[in-house]
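Heads up: numbering here begins at 1 and tracks the sequence.
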Amino acid sequence: MKTYIGKGIYRSVAFGKVAVFKRQPVSVKRVYIQDKEAEKARVAEAERKALEQLQDIYEKALKDVGKTDAEIFKIHMMMIKDDDYNELITNIIESENVNAEYAVSLTSDNFAEIFNGMKDSYMQARAEDVKDISHRIIANLSGKAEHIPDPWEKVVICADELTPSETVLLDKNKIIAFVIAHGSSYSHAAILAGNMSIPAVVGVGGEFIDQIVDGSEIIVDGFTGEVFVDPDKETVARLSEKQRLFEEEKTFLQDLKGKRNVTVDGREINIFANIGSAEEVNASLANDAGGIGLLRSEFLYMGDKTLPTEEQQYTVYKNILEGMGGRHVVIRTFDIGADKQVRYFDHKYEENPAMGLRGIRIALSCPDIFKTQLRALYRASVYGSLGILFPMIASASELEKVLGICEEVKSELRAQGMVFSESVEVGVMIETPAAAIISDRLAPMVDFFSIGTNDLIQYTLACDRQNSEVEQFIDTHHEAVLRLIEMSVVNAHKCGIHVGICGELAADSELTEAFLRMGIDELSVSPASVLRMRNVVRAIDLSK
């Protein structure tokens with residue numbers, strides 16, 4: 001038996017056989033040509049086919065993983081149309097008299113080298129996107145169809161890495177787990193595993209792929225991040241029992257639907273759902289979420305070539321509020337920037353975009369765009385219970401400007417005779433140490449706090465959460481983080497406003513009791529975690 005350890009993604013155990021995924025190599029040779037125009041025409045045709053293929057993949061991804069995660073393929077389509085990318089291909093053909101395949105390959109290498117040389121991990125990840133689209137174009141030029149394995153039985157997909165398109169094109173009905181040698185919990189395979197509710201382990205190391213073979217017996221433990229190849233009888237028995245208990249728990253959790261989120265001693269809290277698209281409303285209701293604690297509105301802005309109009313946004317927000325049937329819905333204004341880049345915002349290169357122009361900073365820099373979203377939100381507010389949440393606030397003066405814009409929007413709507421709810425709540429994301437430290441000043445200005453622990457941890461510990469190299473240094477239970485959370489709760493309650501947690505820590509059952517003792521009023525988690533957290537809360541006795 002061989003054991004490998006990486007990062008576990010989904011709490012489950014999978015038993016099966018290995019299917020090693022290896023990308024089909026496309027050999028590119030430098031060939032001198034006479035007809036440059038013909039080569040350029042070949043590139044244009046190969047790119048046209050690539051765009052058609054990516055559109056098909058995008059539509060498939062919408063069904064499999066939802067709009068937010070499918071947007072990567074819209075971005076790939078935009079990259080294929082990029083003027084700089086295409087200009088370099090053309091220049092290489094023109095100046096070097098070489099074939100189209102070689103020109104695309106050389107362009108890919110040049111762009112990938114530029115991205116890899118950047119310090120920011122998000123920009124480094126764009127190198128893989130360039131390679132992905134270039135590989136697709138070269139495959140079309142070479143007449144080699146994309147090869148995605150189609151196993152005859154359910155398998156554990158093991159790969160060195162998986163591109164977004166490869167991940168989506170795999171037959172989901174035949175996959176019981178993923179094991180990826182490289183990458184982090186933010187990889188596309190990891191995201192897909194979470195959406196499919198199957199275990200995945202990433203970052204097990206490059207030697208893994210070299211040492212395994214198709215058909216080997218394998219166990220993937222998504223709880224611990226352990227992978228066992230050719231397991232012994234003792235390991236099989238131990239993991240079988242672990243999975244049996246997990247399945248029993250899933251059945252038990254279904255019986256909690258309709259029950260209250262109340263502790264043994266009678267303290268009741270809200271358990272809401274975090275969602276990234278309108279499509280996830282049904283999942284929230286299916287898991288009996290009390291409401292939406294965080295809707296990430298940037299899904300409306302990512303992937304398309306132009307800004308969403310007021311009417312487009314209004315329709316989406318209206319449908320979500322109506323779909324939740326009166327349950328409270330918190331919609332965060334667009335948190336563009338950092339790891340969520342939107343091309344038409346014309347972002348300038350930033351050495352560290354996580355610390356740069358993002359969230360409310362972009363909103364205040366582009367007030368017309370911000371006001372358009374606010375108009376749509378307020379207009380939709382009559383169709384349900386709405387809270388508007390502002391991201392990346394770091395000072396009272398920023399919040400004053402934001403609230404001033406809100407008042408401007410409401411005055412304009414009144415003047416135009418447009419109806420909106422006068423009871424819309426406004427809240428602040430506590431995700432910077434600065435916001436937590438001055439939470440006593442922010443609290444009197446808003447109706448609620450929502451603590452975004454993902455960024456709060458990142459900024460407090462100075463660890464880029466997109467960088468897999470520093471994952472080992474991220475202590476999510478760090479005392480400094482917990483102190484900032486407690487400080488925010490105390491200051492919120494002094495002013496009579498409610499406070500919730502919407503980051504990953506909200507689903508960390510090891511901290512649930514500590515959060516309740518701090519006075520947290522709401523936990524907002526993924527739809528799949530709602531019932532599990534209800535069970536955790538119902539077992540806590542705060543009187544002890």
Side-chain angles (χ1 to χ4, degrees), residues 66 68 194 253 256-263 267-299 316-317 319-333 335 377 380-381 383-391 423-431 446-456 485 488-489 492-493 497-509 511-513 515-516 518-538 540:
T68 301
L253 292 179
L256 290 179
K257 288 184 178 180
K259 295 186 178 179
R260 297 164 61 201
N261 309 310
V262 60
T263 62
R267 164 89 185 281
E268 188 161 12
I269 71 164
N270 290 320
I271 299 182
F272 286 2
N274 296 332
I275 64 174
S277 68
E279 290 83 359
E280 294 179 74
V281 167
N282 289 337
S284 302
L285 294 172
N287 285 281
D288 202 27
I292 302 298
L294 174 65
L295 168 61
R296 307 175 186 91
S297 68
E298 48 271 14
F299 77 91
V316 171
Y317 302 144
N319 291 340
I320 290 171
L321 287 163
E322 287 183 325
M324 288 303 294
R327 302 187 190 198
H328 194 55
V329 175
V330 174
I331 299 178
R332 184 178 68 189
T333 58
D335 187 12
L377 285 166
S381 65
Y383 295 96
S385 174
L386 175 65
I388 301 177
L389 182 61
F390 305 115
S423 60
V424 173
E425 291 189 337
V426 293
V428 165
M429 285 281 284
I430 303 293
E431 53 188 340
V446 294
D447 301 300
F448 67 97
F449 283 163
S450 186
I451 300 174
T453 56
N454 298 351
D455 273 326
L456 185 61
I485 292 173
S488 302
V489 175
H493 287 171
I497 69 171
H498 57 97
V499 56
I501 297 178
C502 64
E504 293 297 320
L505 285 193
D508 188 335
S509 58
L511 290 175
T512 306
E513 182 171 342
F515 288 151
L516 297 189
M518 289 180 191
I520 287 292
D521 304 297
E522 173 191 308
L523 298 172
S524 191
V525 299
S526 68
S529 297
V530 168
L531 293 174
R532 181 174 66 84
M533 293 312 300
R534 177 172 297 168
N535 185 45
V536 172
V537 167
R538 289 170 64 89
I540 293 172

Find out whether Val537 and Thr263 are in side-chain contact, i.e. whether some heavy atom of one side chain is under 4.5 Å from a heavy atom of the other.
yes

If you define the side chain from C-beta out and look only at heavy atoms, does anything of Tyr317 sit under 4.5 Å from Ser297?
yes

Whether Lys257 side chain and Ala286 backbone form a donor-acceptor pair below 3.5 Å
yes

With sequence neighbours left out, write down each residue that passes side-chain hydrogen bond (donor to acceptor under 3.5 Å, both in side chains) with Thr333, or none if nothing qualifies.
none

With rounding to the nearest 0.5 angstrom, report the CZ to OG distance, Arg332 to Ser450.
9.0 Å

Excluding sequence neighbours, so at least two apart, what forms side chain to side chain contact (heavy atoms under 4.5 Å, CB included) with Asn319?
Thr315, Glu322

Euclidean distance, Ile275 CD1 relative to Ile320 CD1, rounded to 0.5 Å:
5.5 Å

Restricting to side-chain hydrogen bond (donor to acceptor under 3.5 Å, both in side chains), what partner residues turn up for Asp288, sequence neighbours left out?
Arg534

Glu431: what forms a side chain to side chain contact (heavy atoms under 4.5 Å, CB included) with it, not counting sequence neighbours?
Pro391, Met392, Met429, Asp455

Flag, side chain of Glu522 to backbone of Asn270, donor-acceptor distance under 3.5 Å:
no

Tell me, please, which residues at least two apart from His328 pass ring-ring contact (aromatic ring centres under 6.0 Å, His included).
none

Exercise: identify the closest heavy-atom pair between Gly323 and Leu285
O-CD1, 3.4 Å

Can you tell me how far apart CG (Leu511) and CD1 (Ile485) are? Round to the nearest 0.5 Å.
7.5 Å

When rounded to the nearest 0.5 angstrom, what is the spacing between OG in Ser524 and CG in Leu295?
10.5 Å

What heavy-atom pair brings Ile520 and Val489 nearest, and what distance separates the two atoms?
CD1-CG2, 3.5 Å

Roughly how far apart are Leu516 CG and Ile540 CD1, rounded to 0.5 Å?
4.5 Å

Any side-chain heavy atom of Leu505 sitting closer than 4.5 Å to one from Phe515?
yes

Applying salt bridge (charged side-chain N to carboxylate O under 4.0 Å, His left out), name anything that partners Arg260, two or more places apart in sequence or on another chain.
Glu268

Walk me through whether Thr512 and Met533 qualify under side-chain contact (heavy atoms from CB on, under 4.5 Å).
CA-CA 8 Å; Thr512 306; Met533 293 312 300; 3.2 Å; yes

Compare every heavy atom of Asn274 with every heavy atom of Gly293, then report the nearest pair and how far apart it is.
C-OD1, 4.3 Å

Nearest non-hydrogen partners of Gly326 and Ser385, listed with the distance:
O-CB, 3.9 Å

Could you list the residues that satisfy ring-ring contact (aromatic ring centres under 6.0 Å, His included) with Tyr383, not counting sequence neighbours?
none

With sequence neighbours left out, what residues match Asp508 under side-chain hydrogen bond (donor to acceptor under 3.5 Å, both in side chains)?
His477

Residue pair Val525 / Val530, side-chain heavy-atom distance below 4.5 Å:
yes

Quick one: does Leu389's side chain get under 4.5 Å of Leu294's, heavy atoms only?
yes

Heavy-atom distance under 4.5 Å between the side chains of Val330 and Phe448, does that happen here?
yes

Validation row: Arg327, Ile292 side chains within 4.5 angstrom (heavy atoms)
no

For Ala492, give me all partners under side chain to side chain contact (heavy atoms under 4.5 Å, CB included), at least two apart in sequence or on another chain.
Phe449, Ile497, Val499

What residues form a side-chain hydrogen bond (donor to acceptor under 3.5 Å, both in side chains) with Glu513, not counting sequence neighbours?
Arg517

side-chain contact (heavy atoms from CB on, under 4.5 Å), paired with Ile331, selected from Val316, Leu386, Ile388:
Leu386

To the nearest 0.5 Å, atom CG of Leu253 lies from atom CZ of Arg532 at 8.5 Å

Would you call Asp521 and His493 a side-chain contact if the rule is heavy atoms closer than 4.5 Å?
yes

Considering all heavy atoms of both residues, which atom of Ile451 and which atom of Ser488 are nearest to each other, and what is their separation?
CD1-CB, 4.3 Å

